[in-house]
Amino acid sequence: DAAVLCLHGLTGTPYEVLPLGEALAARGLRAKGPWMAGHEAGPEALARTTHADWIELATAELDRLRSEHARVFVAGVSMGGLV
């Protein structure tokens with residue numbers, strides 16, 4: 001009963017962490033790779049996004065996974081790792 005929150009990097013997409021998520025899922029873990037705040041709507045939206053928005057999104061996703069799984073891990077690429 002474990003899950004992994006997979007966070008992509010700056011200017012990236014969830015596709016960036018898809019291979020990781022697929023490998024984890026093949027081993028029986030739930031993998032979730034959300035769009036980081038500001039990345040889903042183009043450069044204008046990203047320009048209006050702050051690091052606090054990224055942290056807020058990651059925290060909310062982490063809380064959701066914690067409510068459903070006994071163990072939750074976080075993995076990130078570049079900015080996603082910093083968050």
Side-chain heavy atoms of Leu65 within contact of Lys32, under 4.5 Å: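 With C-beta onward as the side chain, the pair touches.
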Contacts of type side chain to side chain contact (heavy atoms under 4.5 Å, CB included), residue Ala45, not counting sequence neighbours: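 Expected list: Ala41, Arg48.
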Who pairs with Ser67 by side chain to side chain contact (heavy atoms under 4.5 Å, CB included), at least two apart in sequence or on another chain?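 Side chain to side chain contact (heavy atoms under 4.5 Å, CB included) check on Ser67 returns nothing, list empty.
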Pairs where residues 3-28 contributes a residue and the test ring-ring contact (aromatic ring centres under 6.0 Å, His included) is met, not counting sequence neighbours: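 Counting only pairs at least two positions apart or across chains, the ring-ring contact (aromatic ring centres under 6.0 Å, His included) contacts touching residues 3-28 are His8-His39.
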May I ask you to check whether over 12 heavy atoms, not counting those of Glu40, lie within 6.0 Å of atom CD?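 Yes - once you tally the heavy atoms of other residues, nucleotides and ligands closer than 6.0 Å, there are more than 12.
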Interatomic distance, Ile55 atom CD1 to Leu62 atom CG [nearest 0.5 angstrom]: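 Taking CD1 in Ile55 and CG in Leu62, the distance rounds to 12.5 Å.
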Exercise: identify the closest heavy-atom pair between [X] and [Y]:
| X | Y | result |
| --- | --- | --- |
| Ala37 | Leu46 | O-CD1, 4.3 Å |
| Pro34 | Leu5 | CD-CD1, 3.7 Å |
| Thr50 | Asp53 | N-OD2, 2.8 Å |
| Gly12 | Trp35 | O-CZ3, 4.3 Å |

Please output the side-chain donor-acceptor pairs of residues 68-83 that fall under 3.5 Å, not counting sequence neighbours, one pair per line with the distance.
| residue | atom | partner | partner atom | Å |
| --- | --- | --- | --- | --- |
| Glu68 | OE1 | Arg30 | NH1 | 2.4 |
| His69 | ND1 | Asp1 | OD1 | 3.1 |
| His69 | NE2 | Arg30 | NH1 | 3.4 |

Report yes or no: do Leu29 and Val17 belong to one cluster of Ile/Leu/Val/Met/Phe/Trp/Tyr joined by side chain heavy-atom distances under 4.5 Å?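 Looking at the clustering, Val17 is in a separate group from Leu29.
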Show, in sequence, the C-alpha distance, side-chain angles and deciding distance for Leu18 and Cys6, and conclude whether the side-chain contact (heavy atoms from CB on, under 4.5 Å) test is met. CA-CA 9 Å; Leu18 182 61; Cys6 304; over 6 Å; no
Side chain to side chain donor-acceptor pair (under 3.5 Å) partners for Glu16, two or more places apart: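 With sequence neighbours excluded, Glu16 shows a side chain to side chain donor-acceptor pair (under 3.5 Å) to no residue whatsoever.
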Please walk me through it: do Leu7 and Trp54 pass side-chain contact (heavy atoms from CB on, under 4.5 Å)? CA-CA 10 Å; Leu7 303 174; Trp54 301 327; over 6 Å; no
Salt bridge (Lys or Arg N to Asp or Glu O under 4.0 Å) against Arg64, all qualifying residues, sequence neighbours excluded: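 Scan of Arg64 (salt bridge (Lys or Arg N to Asp or Glu O under 4.0 Å), adjacent residues dropped) gives Glu61.
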